[in-house]
Peer 1: 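The structure is given below, and queries will be raised subsequently.
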Amino acid sequence: NAGVTQTPKFQVLKTGQSMTLQCAQDMNHNSMYWYRQDPGMGLRLIYYSASEGTTDKGEVPNGYNVSRLNKREFSLRLESAAPSQTSVYFCASSEDRSSYNSPLHFGNGTRLTVT
Amino acid sequence: AQSVSQHNHHVILSEAASLELGCNYSYGGTVNLFWYVQYPGQHLQLLLKYFSGDPLVKGIKGFEAEFIKSKFSFNLRKPSVQWSDTAEYFCAVVFGDGYALNFGKGTSLLVTP
């Protein structure tokens, strides 16, 4: 039982390049999330998917797109990377909406640098 | 606007000292409250959570937190810290029927031997 798996762990991009961050969970969770973590800013929600087939914007969605490919997988795409997107990206999942009975399970993160 | 505030950004303690990390939120309705911990190089892990009932909740590794509704606070405490508690601590809140966690900016704790 691997939990939440993110790939890649590290990535360096040049400004304007595109890439997709992959996330998969094996806990049969309905909800999945993408957060970014920046020094002094905590974690900020980029997008979330309440259930398979649905996605919604979070606090900082600009510059990103997501795809809930199936119940297991939730990918985050940067179409044209910018230095401001240098960050650590965390994928998370929960059985249902985040609540007492449905805490988040996090992946190990992807450290992205955009030069 | 709904928000989560953590007052201490960096805390340095000696081993065996007592710890209290502050967390306040801005919201007049019901909330789900959480503390997460992130050890160096690792992902976030749940320390403890509160939904209703006894406002004093106990979590893993000897941590506890008290929900004081009148103060909109959910402070994290530990009577005696260890070097292994060195980590970043995040308070997080779900506001009402909201879907996702809203995180504070985090508190970096360094415990010195």
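Each chain gets a letter, A, B and so on, in the order the sequences are listed, and its residues count up from 1.
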Peer 1: Non-hydrogen atoms of chain A under 4.5 Å away: do they reach the side chain of B:Gln45, the backbone, both or neither?
Peer 2: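 No part of it gets close to chain A.
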Peer 1: In Å and rounded to the nearest 0.5 Å, what is the OH to CG distance from B:Tyr36 to A:Leu104?
Peer 2: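 B:Tyr36 atom OH to A:Leu104 atom CG measures 4.0 Å (nearest 0.5 Å).
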Peer 1: Let me check something: do A:Tyr48 and A:Tyr89 share a hydrophobic cluster, defined by ILVMFWY side-chain heavy atoms less than 4.5 Å apart, either directly or through other members?
Peer 2: no
Peer 1: Is it true that atom CG of B:Asp54 has more than 12 heavy atoms of other residues, nucleotides or ligands lying nearer than 6.0 Å?
Peer 2: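 Buried by this count: over 12 neighbours within 6.0 Å.
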Peer 1: Calculate, to the nearest 0.5 Å, the distance between atoms CD and CZ belonging to B:Gln42 and A:Phe106 respectively.
Peer 2: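 One finds 14.0 Å between CD of B:Gln42 and CZ of A:Phe106.
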Peer 1: For residues A:Val114 and A:Phe10: do they belong to one hydrophobic cluster (side chain heavy atoms under 4.5 Å, members Ile, Leu, Val, Met, Phe, Trp, Tyr)?
Peer 2: no
Peer 1: For the OH atom of A:Tyr33 and the CG atom of B:Leu101, what is their distance to the nearest 0.5 Å?
Peer 2: 7.0 Å
Peer 1: Looking at side-chain heavy atoms only, is the closest gap between B:Phe103 and A:Arg44 below 4.5 Å?
Peer 2: no
Peer 1: Out of A:Gly58, A:Pro39, A:Gly107, which one racks up the most heavy-atom pairs below 4.5 Å with chain B?
Peer 2: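 Of the options given, most contacts go to A:Gly107.
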Peer 1: Find out if a path of hydrophobic residues (ILVMFWY) with successive side-chain heavy-atom gaps under 4.5 Å connects B:Val57 to B:Tyr25.
Peer 2: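 They do share one cluster, since a chain of ILVMFWY contacts under 4.5 Å joins B:Val57 to B:Tyr25.
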Peer 1: Which answer fits A:Leu43, side chain, backbone, both or neither, if we ask what part of it has an atom under 4.5 Å from a heavy atom of chain B?
Peer 2: both
Peer 1: Within a radius of less than 6.0 Å around CD1 of B:Ile12, do more than 12 heavy atoms belonging to other residues, nucleotides or ligands occur?
Peer 2: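 Counting neighbours around CD1 of B:Ile12, 12 or fewer heavy atoms of other residues, nucleotides or ligands fall under 6.0 Å, so no.
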Peer 1: Could you tell me the separation between the CD atom of A:Gln37 and the CG atom of B:Leu44, rounded to the nearest 0.5 Å?
Peer 2: 6.5 Å
Peer 1: More than 12 heavy atoms of other residues, nucleotides or ligands under 6.0 Å from NZ of B:Lys78: is that the case?
Peer 2: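 Yes, because the 6.0 Å sphere around NZ of B:Lys78 holds more than 12 heavy atoms from other groups.
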